[in-house]
Amino acid sequence: MTSFDEALALLAGAVRPLPTESVPLEQAAGRFLAAPLHARSDAPARAVSAMDGYAVSLVEVETGRWMPLAGESRPGLPDTGTLEPGTAMRIFTGAPLPAGADCVIMQEYAEREGGQVRFRSGFGPARHVRTAGSDFRAGDLLLAAGTSLAPRAMVAAASADRDTVEVSARPMIAIIATGDELAAPGTAHLKAGAIAESASYGVAAMCEAMGCEVVLRTRGADRLELLEDAAAKALEAADCVVVTGGASMGDHDLAKPMFGKAGLDLVFAGVAIKPGKPVWFGRANGRLVMGLPGNPTSAMVTARLFLRPLLAAMQGGNPTAELRFVPFPLAAPLPETGDRETFVRATATSEGLVPVGNQESGAQAPLAAADWLIRRPAGSPVCNKGSLVDALPF
């Protein structure tokens, strides 16, 4: 069976980015840059004040000596002229520093009387000046191609003084939940043996958070002709089809057979992990297809481990960058693992990670509390409290 790392490498090698498009900056949040973003000009364009206070030439300041005020500098002014020797200028945060000044004394250290000001001791050594280009210079690379325009990256993109950006096309996603037992939430209690279908809601939310558009979402009973029809419609509407359930080897597991008429070409089928062994990935009619287990926890774990990197790769992002495990201390012990690599759901606390109590693949309630995945190699021994483990935000 394919290992976790092998499956990721196969996935990365099988995906090509979608075409690109230019969009207004205000519509770019959550998208992936298709071209590097360079600064149009220096920031700041000239030296500016980092505080409200008074601009001075520091060598001319004597504690307690009155200095005449020579006007003021406010943000947005193109130029404030030159500071005359022996004078001070009222200045505000972000305002340009006048020529001849090299320091801003915070207003907390100033005493003003009429048209003059004097300063108490203790105002140094910081000068509270942002020099020209101290943030970045014109032409500097601010964001590389493949960067996800998350909230912090949007700040950098806007600071480049660009009103449009080149991004990868938004992936169109179709989601098919399979299983005779599935019913729409709000109706399951009306039918004996039915359960509320839940996995597709988490998968759809993940896709939308990754900048994708869910164009089709449907449920299909375990009958091949019905699922083949659903598969055909999904392949026509979407760049990528995600199927939940029907991924094992039973008589009613039809997730792969439903794409048989579309010429399903598997990249991998089954990965040696727990939970989520049945996860699979391939192509059909030139579209990407990913099959996730039907159990909600398994579906969400494998979506985090495989679908999220897939969606990034479709948009020109680095799939491995979506799986940056970091060392994290344990706040409770972990048992030994079996013959499969195991991903343990856990909650972050002030003392470290605490595994959620119910690790069964069908458990749904613990998902809301599980915000980290702990990666444990196959055959790992007992891991004691305080040990460092590799963890991934879930």
Return a table of donor-acceptor pairs under 3.5 angstrom between the side chains of residues 163-174 and protein atoms on other chains or two or more places apart.
| residue | atom | partner | partner atom | Å |
| --- | --- | --- | --- | --- |
| Glu166 | OE2 | Thr20 | OG1 | 3.0 |
| Ser168 | OG | Gln315 | O | 2.8 |
| Arg170 | NH1 | Gly211 | O | 3.0 |

Item to complete: Assess Arg375 against Phe325: is NZ or CZ under 6.0 Å from the centre of the six-membered ring, and within 45 degrees of the ring's axis?
Response: yes
Practice prompt. Provide the closest heavy-atom pair for Ala110 versus Val117 in the form atom of the first, atom of the second, distance.
Written response: CB-CG2, 3.9 Å
Fill in: Any donor-acceptor pair under 3.5 Å from Ser200 side chain to Ala177 backbone
no
Taking distance alone, no hydrogens or angles, what donor-acceptor pairs closer than 3.5 Å link side-chain atoms of residues 257-282 to residues at least two apart or in another chain?
| residue | atom | partner | partner atom | Å |
| --- | --- | --- | --- | --- |
| Lys261 | NZ | Glu228 | OE1 | 3.4 |

Practice prompt. Could you tell me whether Arg90 sits above the aromatic face of Tyr54, with NZ or CZ closer than 6.0 angstrom to the six-membered ring centre and within 45 degrees of the axis?
Written response: yes
Fill in: Pair Phe4 and Phe343, ring centroids less than 6.0 Å apart
yes
Discussion item. For Arg65 and Gln116: C-alpha separation, side-chain torsions, deciding distance, then whether side-chain contact (heavy atoms from CB on, under 4.5 Å) applies.
Written reply: CA-CA 10 Å; Arg65 182 176 69 84; Gln116 57 184 357; over 6 Å; no
Worksheet item: Ion pair present between Arg46 and Asp79, side-chain N to carboxylate O less than 4.0 angstrom?
Response: yes
Item to complete: Could you tell me whether Arg219 and Glu181 make a salt bridge, using a distance below 4.0 angstrom between a side-chain N and a carboxylate O?
Response: no
Fill in: Nearest-0.5 Å distance, CG of residue Leu353 to CG of residue Leu373
10.0 Å
Practice prompt. Could you note down all residue pairs passing salt bridge (charged side-chain N to carboxylate O under 4.0 Å, His left out) where residues 310-333 supplies at least one of them, sequence neighbours left out?
Written response: Arg308-Glu322
Discussion item. Looking only at the side chains, is there a donor atom on one of Asp102 and Ser57 sitting less than 3.5 Å from an acceptor on the other?
Written reply: no
Practice prompt. Apply side-chain contact (heavy atoms from CB on, under 4.5 Å) to Leu288 and Val15, showing your working.
Written response: CA-CA 8 Å; Leu288 300 173; Val15 181; 4.2 Å; yes
Fill in: Worked check of side-chain contact (heavy atoms from CB on, under 4.5 Å) between Phe32 and Met210
CA-CA 9 Å; Phe32 281 72; Met210 288 291 291; 3.9 Å; yes
Practice prompt. Provide the closest heavy-atom pair for Arg376 versus Val382 in the form atom of the first, atom of the second, distance.
Written response: NH2-C, 4.2 Å
